[in-house]
Amino acid sequence: METMPTTSQDPRREVVVRMPAGWSRALVTGCVGALVPWLILLVLGGITAHTQSGNPWLVEASLADEVAAISRVWAGGYCVPLAVVSGAKTVTITLVPWGLTLAYWWVYSRIIGRRCRGWALWFAVPTYVLTALAIGAAFPGIAVGRLTLVSFIVGIAGVLSALARRHSQDRRPRDGKANKLKVFGVTSAREADRASLAIGIDAGEARIGLGARTLTVPGWVGMGLTIARRILVGLALMGIALTAVSLLVSIDRVEGVRELLPLDGWGTLMLWLGQLAYLPTLAAWSFAWVLGPGYTLGTGTHFSAFEATSGPIPAIPVLAGAPQVTVGWWAIGATVVVAVIVGLGIGTVYARDKVSTHCLQMLVAHVVAALGVAIVFRLASGGLG
C-alpha cells in the first residue's frame, strides 16, 4: 500500500496592526494644542511686565523669573495652586481659574478637530499631556502630578468634543436646513417614537460618535444627555447674568477698588482678563447667593440672600461686587417658581409617546444635570491666600 504524504496547515493567523490615517499629524497637533495657550500667556505676560515696570506694586525680575511666574499662572488653569510672594510672606491661591481651563479645552479641541479625523484624534492626548508635563517640570513650584492628571482630563474632553462636533457636522443636512428634531421637539419626538414603534423599535436609538465607529444607545439616553447639556448651559448663562447684575449694581465700589491699583490702560485690560478667568466661579457664587447658602470671601465675611457680613477682602475689583443687601425668602421663592416653569416647559417640549420612555429620559437628564451642578459648586471652592 502506497502512503500519500500529508500536509498540515498552520492554525496561527497573521495579525496586521495598521495605524489610523493621520496619526502622526495628531501627535504633532497634541503638542501644538498644549503650547499655544502657554505661548499666548507668555506674550501677554511679557508685555504686561514691561509696560508696568514702573508700578510700585511689582518687583524687578529677570526674564527667566518672568517666564517662570507666567508659567505658574498658566499651570493654575490645570488646578495647580499658585504661590504669590506678598511682602515678606508667601500666600497660596487654591481657587482655580476655570475660565483658563475652559480656554485650554476649547483651543485644544478646535486645533485637533480641524487637523485630525477619526481614531487618529486619540493620538493627540499623550503628546498633549507630555508637552504640558514638560513645561511644568521646567519651572520650580509647579505640582506636576496634578498638572498631569488635569491635562489628561482636558485632553480626553477635547477629543470627545471634537468627535461630537464632527459627528454633528456629518449628520447635518446638505441643504443647510436645521434638523426638525432639534427645533420642533414637541411634535418630532413623538413622531420619531411612533415611526420607530411602527417598525417594531421601542423608543428609537441614538448614536454617539467615537471616531471611526459610533456607540449606539437607547434613544431616551441620548435625548436625556442632550436635555442635561442644555440645562447646564442655561444655568451657566443665568449665573453669568446674575454676576453681571451684581457688578452693575455695585459699580461704584468696583470702580473704587480699581482706582486704588496703579495701572495704566494695558494693565487695566489685563486685570479684567485675569478676573474673567474666574467667571465660572463667580457665576457659581451668584447661584449660591440666590439659593440661600451664600459664600464667603475671607474670615468673618458671608454673603447670601439672608446675610451680608462684609470684612477685609483682597483688593480685587470684582470681589467688591459682592451684594451688600439682603432680599430674604423672595429670591428663593422666585428661583423655585422659575425652576418649575422651566421644568414644565422641558417636560412638554421633549415629551415622548410612551410614559415609561419619557420618565427614563427625564431621569437621565436630571441625574446628569444634578451631577454637573454638584461638580461645578465643588470646583468653585478654594482660597485666595
Side-chain angles (χ1 to χ4, degrees), residues 44 48 51-52 54-58 73 76 82 84-87 89 91-100 102-103 235-335 338 376-377 379-385:
L44 295 177
T48 303
T51 57
Q52 309 301 312
N55 193 322
W57 286 33
L58 299 177
V73 172
L82 175 62
V84 179
V85 179
S86 177
K89 65 177 183 178
V91 297
T92 301
I93 299 176
T94 59
L95 190 64
V96 179
W98 288 106
L100 276 182
L102 293 176
L235 291 176
L237 294 176
M238 290 176 61
I240 293 173
L242 289 171
T243 302
V245 170
S246 179
L247 292 175
L248 289 175
V249 172
S250 309
I251 190 64
D252 292 337
R253 294 197 306 273
V254 173
E255 187 63 19
V257 174
R258 189 201 64 78
E259 291 177 351
L260 295 175
L261 304 175
L263 300 173
D264 58 11
W266 177 264
T268 301
L269 175 62
M270 291 299 101
L271 174 65
W272 283 105
L273 285 179
Q275 294 175 119
L276 191 62
Y278 287 95
L279 182 59
T281 300
L282 296 174
W285 289 356
S286 297
F287 261 112
W289 183 86
V290 170
L291 296 176
Y295 59 92
T296 63
L297 294 177
T299 304
T301 65
H302 186 229
F303 302 94
S304 71
F306 305 97
E307 183 181 0
T309 304
S310 186
I313 61 175
I316 302 175
V318 293
L319 298 185
Q324 302 293 324
V325 297
T326 58
V327 294
W329 285 100
W330 76 264
I332 297 179
T335 303
V338 172
V376 168
F377 276 106
L379 297 178
S381 61
L384 290 172

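The model shown is predicted, which means the values in this text are computed figures rather than measured ones.
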_Regarding Thr281 and Trp98, do their side chains bring together a donor and an acceptor under 3.5 Å, going by distance alone?_
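Result is no, nothing qualifies.
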Measure across [X] and [Y] and return the closest heavy-atom pair with its distance rounded to 0.1 Å.
X	Y	value
Tyr278	Ile93	OH-CG2, 4.0 Å
Ala380	Leu95	O-CD1, 3.6 Å
Val257	Ala320	CG2-CB, 3.7 Å
Thr309	Phe303	O-CZ, 3.9 Å
Gly321	Leu247	CA-CD2, 4.1 Å
Gly239	Ala283	C-CB, 3.6 Å

*Give the intermediate values and the outcome of side-chain contact (heavy atoms from CB on, under 4.5 Å) for residues Leu379 and Val96.*
CA-CA 7 Å; Leu379 297 178; Val96 179; over 6 Å; no
_Pairwise side-chain hydrogen bond (donor to acceptor under 3.5 Å, both in side chains) hits with a residue in residues 241-263, at least two apart_ =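 Sorted pair list: Thr243-Ser286, Ser250-Arg253, Glu255-Arg258.
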*On the 0 to 90° scale, with breaks at 30° and 60°, tag the Tyr295-Trp285 ring pair as parallel, tilted or perpendicular.*
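The arrangement is parallel - the two ring planes meet at less than 30°.
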If only atom types and distance count, is the side chain of [X] paired as donor or acceptor with the main-chain N or O of [Y] below 3.5 Å?
X	Y	result
Gln324	Ala322	yes
Trp289	Ser304	yes
Gln275	Val318	yes

*State the CG-CG distance between Leu276 and Leu282, to the nearest 0.5 angstrom.*
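Atom-to-atom, Leu276:CG and Leu282:CG are 9.0 Å apart.
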_Return the OG1 to CH2 distance between Thr335 and Trp330, rounded to the nearest 0.5 Å._
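Answer rounded to 0.5 Å: 8.0 Å.
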*Test side-chain contact (heavy atoms from CB on, under 4.5 Å) on Ile332 and Phe306 and set out the steps.*
CA-CA 10 Å; Ile332 297 179; Phe306 305 97; 3.6 Å; yes
*Are side-chain heavy atoms of Phe287 and Leu235 found at a separation under 4.5 Å?*
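Side-chain contact under 4.5 Å: yes.
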